[in-house]
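Notes follow the structure.
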Amino acid sequence: MNYWLLKSEPSAFGYEDLERAPDRRTLWDGVRNYQARNILRDDITVGDLAFFYHSACKEPAIVGICRVTRTGIADPSAFDPASDYYDPASDGENPKWITIEVEAVSALRPIIKLKDMRQDSALKDMVLLNRSRLSVQPVSETEWHHIMAQTKAV
DNA sequence: GCCAACGTTGGC
DNA sequence: GCCAACGTTGGC
């Protein structure tokens, strides 16, 4: 089992939205960065856990945990001309953008703020703190447990 | 294949 | 709203 971090802008889709979604699940669609896509397609497996991170907001932070429930899904938004994420280069025969489905596991209290993570030497190698723009990124087992020791699932 | 121009992300 | 970092595009 591996650990990941998924970024989302809460103004578009926050952790609360995942908890309210049907079956507490959603398709992680709209990723249009090749490195993030490759992680979604090649590295993430069903049952993996991921931090749900709120970006581009007042208090950037890890706010919850989700679990991967499906993988290898052709991103339907790429086929939809009405979608912001439409990509005519992707078609059903040869889908270019592959995504996953995730399920809410738990909110975290307290949330783990980016500014506190920056101060934590145990987290200095976290991808989040070094390659901050990558929207799907790995978290080491050590980092995962270090962060979970500072908060509680609620 | 290089790299300048340009677009996007996301913290502040 | 600014701007640094960095990804993508496209001319050569």
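Numbered from 1 within each chain, the chains take letters A, B, ... in sequence-line order.
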Between [N] ([atom2]) and [X] ([atom1]): distance, integer Å:
X        : N      : atom1 : atom2 : value
A:Arg118 : B:dG11 : CZ    : C1'   : 7 Å
A:Asp116 : B:dG11 : CG    : C1'   : 15 Å
A:Lys113 : B:dG10 : NZ    : C1'   : 18 Å

Name every donor-acceptor pair, under 3.5 Å, that has one atom in a side chain of residues 71-81 of chain A and the other anywhere in the protein, sequence neighbours excluded.
unit_1: A:Asp75; atom_1: OD1; unit_2: A:Ser77; atom_2: N; d: 2.8
unit_1: A:Asp75; atom_1: OD1; unit_2: A:Ser77; atom_2: OG; d: 2.6
unit_1: A:Asp75; atom_1: OD2; unit_2: A:Gly30; atom_2: N; d: 2.8
unit_1: A:Asp75; atom_1: OD2; unit_2: A:Arg32; atom_2: NH1; d: 3.0
unit_1: A:Asp75; atom_1: OD2; unit_2: A:Ser77; atom_2: OG; d: 3.4
unit_1: A:Ser77; atom_1: OG; unit_2: A:Arg32; atom_2: NH2; d: 3.0
unit_1: A:Asp80; atom_1: OD1; unit_2: A:Ala82; atom_2: N; d: 2.8

Kindly write out the residues that satisfy side chain to side chain contact (heavy atoms under 4.5 Å, CB included) with [X], not counting sequence neighbours, or none if the list is empty.
X        : answer
A:Asp120 : A:Ala122, A:Leu123, A:His146, A:Gln150
A:Asp48  : A:Met1, A:Asn2, A:Trp4, A:Ile44, A:Thr45, A:Val68
A:Ser8   : A:Phe13, A:Trp28, A:Phe52

Salt-bridge criterion met for A:Arg20 and A:Asp17 (N-O under 4.0 Å): yes
Any residue of residues 50-60 of chain A with a heavy atom less than 4.0 Å from an atom of DNA chain B: A:Tyr53, A:Ser55, A:Ala56, A:Pro60
Below 3.5 Å, can you tabulate the donor-acceptor pairs from side chains in residues 55-65 of chain A to any protein atom, sequence neighbours excluded?
none

Sugar-phosphate only, base, or nothing, as touched by A:Lys115 at under 4.0 Å among non-hydrogen atoms: nothing
Review item, nucleotides 3-9 of chain C N/O atoms under 3.5 Å of protein N/O:
unit_1: C:dA5; atom_1: N3; unit_2: A:Arg133; atom_2: NH1; d: 3.0
unit_1: C:dC6; atom_1: O4'; unit_2: A:Arg133; atom_2: NH1; d: 3.0
unit_1: C:dC6; atom_1: O2; unit_2: A:Arg133; atom_2: NH1; d: 2.4
unit_1: C:dG7; atom_1: OP1; unit_2: A:Arg131; atom_2: NH2; d: 3.0

Pairs satisfying ring pair (Phe, Tyr, Trp, His ring centres under 6.0 Å), at least one member in residues 80-106 of chain A, at least two apart: A:Tyr34-A:Trp97
ring-ring contact (aromatic ring centres under 6.0 Å, His included) partners for A:Tyr3, two or more places apart: A:Trp144, A:His145
